[in-house]
Q: 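Pasting in a structure now, in structure tokens, and then I'll have a few things to ask.
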Amino acid sequence: MKINANASGTRTIEISEENLLIIEKYSLFERIANSMGIVDETSLEKLKCTVRSLVASQEEDSKALLQLALVLYDDNMKSCGLCNLIALYNEWLAQKPKEEEQIQAAE
């Protein structure tokens with residue numbers, strides 16, 4: 001999956017399902033927006049610090065967290081990219097129950 005990193009769509013960042021699973025596991029997008037509901041550069045910096053702290057505190061293998069950190073620290077990642085990542089995550093979450101229902105129906 002790819003997200004646009006800028007408004008014009010000339011730069012993209014590759015996002016894996018593993019990245020989305022890590023975001024879900026650690027609830028990284030909860031309270032990411034500021035008090036007015038806006039996602040900006042400060043939100044991105046806060047998220048980077050959170051992920052960096054999680055990586056530093058991990059005693060086990062933190063390869064998935066490191067891969068997410070690479071996405072967040074990508075030179076092209078700006079607030080627009082973060083907004084698109086949040087939109088992709090929300091879309092992924094919405095599809096997830098449907099997939100789980102299909103798996104249960106097949107069993």
Side-chain angles (χ1 to χ4, degrees):
M1 296 171 266
K2 288 187 178 188
I3 59 167
N4 287 330
N6 59 6
S8 64
T10 58
R11 298 180 188 265
T12 60
I13 299 173
E14 186 70 33
I15 307 297
S16 69
E17 184 156 353
E18 190 174 31
N19 295 143
L20 300 173
L21 288 168
I22 288 297
I23 292 167
E24 179 184 37
K25 178 179 179 180
Y26 292 102
S27 303
L28 294 175
F29 287 162
E30 285 189 22
R31 297 182 207 96
I32 188 95
N34 67 19
S35 61
M36 295 174 58
I38 298 171
V39 175
D40 57 10
E41 294 297 321
T42 305
S43 305
L44 179 59
E45 290 305 314
K46 184 169 59 170
L47 182 59
K48 287 178 180 179
C49 289
T50 301
V51 171
R52 189 171 51 221
S53 295
L54 286 169
V55 169
S57 68
Q58 291 293 312
E59 292 179 8
E60 71 244 19
D61 183 29
S62 59
K63 182 179 176 185
L65 272 170
L66 287 171
Q67 288 177 343
L68 180 60
L70 290 174
V71 167
L72 297 175
Y73 281 92
D74 187 297
D75 288 340
N76 294 323
M77 180 60 86
K78 305 290 184 226
S79 62
C80 179
L82 180 56
C83 287
N84 290 332
L85 179 56
I86 292 169
L88 175 67
Y89 175 74
N90 289 334
E91 183 180 307
W92 175 79
L93 271 183
Q95 291 176 357
K96 198 171 172 187
K98 294 174 188 172
E99 292 172 1
E100 290 171 357
E101 287 173 11
Q102 290 174 350
I103 290 169
Q104 289 175 351
E107 294 175 345

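Please read these numbers as outputs of a predicted model, since none were measured by experiment.
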Q: So do Tyr26 and Thr50 actually touch side chain to side chain, heavy atoms under 4.5 Å?
A: no
Q: Does Ile23 belong to the same Ile/Leu/Val/Met/Phe/Trp/Tyr cluster as Leu93, with side-chain heavy atoms less than 4.5 Å apart forming each link?
A: yes
Q: Can Ile3 be reached from Met1 by stepping across I, L, V, M, F, W or Y side chains whose heavy atoms are under 4.5 Å apart?
A: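 Met1 clusters together with Ile3.
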Q: Applying side-chain contact (heavy atoms from CB on, under 4.5 Å) to Leu68 and Leu28, what does each step give before you reach the verdict?
A: CA-CA 11 Å; Leu68 180 60; Leu28 294 175; 3.5 Å; yes
Q: Do Asp74 side-chain atoms and Val71 backbone N/O form a donor-acceptor pair below 3.5 Å?
A: no
Q: In the single-linkage hydrophobic clustering (I, L, V, M, F, W, Y; side-chain heavy atoms under 4.5 Å), do Leu70 and Leu72 co-cluster?
A: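 Different clusters: Leu70 never reaches Leu72 through Ile, Leu, Val, Met, Phe, Trp or Tyr contacts under 4.5 Å.
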Q: Heavy atoms only: give me the nearest Ala5-Cys80 pair and the separation to one decimal.
A: O-CB, 3.9 Å
Q: Testing the basics here: between Leu65 and Val55, what is the closest heavy-atom pair and its distance to 0.1 Å?
A: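 Closest approach of Leu65 to Val55: CB-CG2, 3.7 Å.
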Q: Calculate, to the nearest 0.5 Å, the distance between atoms CD and NZ belonging to Gln58 and Lys63 respectively.
A: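 Answer rounded to 0.5 Å: 15.0 Å.
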Q: Taking all non-hydrogen atoms of both residues, which atom of Gly9 and which atom of Asn6 are closest, and how far apart?
A: N-OD1, 3.0 Å
Q: Of all heavy-atom pairs between Val51 and Ala69, which one has the smallest distance, and what is that distance?
A: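 Result for this residue pair: CG1-CB, 3.9 Å.
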Q: Measure the spacing between CD1 of Ile15 and CG of Leu85 and express it to the nearest 0.5 Å.
A: 5.0 Å
Q: Which atoms form the tightest heavy-atom contact between Ser79 and Leu44, and what is the distance?
A: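 In terms of heavy atoms, the two residues are closest at N-CD2, 4.4 Å.
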Q: Between atom NZ of Lys2 and atom CG of Leu88, what is the distance when rounded to the nearest 0.5 Å?
A: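 Interatomic distance, Lys2 NZ to Leu88 CG, rounded to 0.5 Å: 13.5 Å.
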Q: Please name the pair of heavy atoms, one in Ser43 and one in Ile38, separated by the smallest distance, quoted to 0.1 Å.
A: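 Result for this residue pair: OG-O, 3.7 Å.
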Q: Rounded to the nearest 0.5 Å, what's the gap from CG on Asn34 to NZ on Lys46? Could you check?
A: 8.0 Å
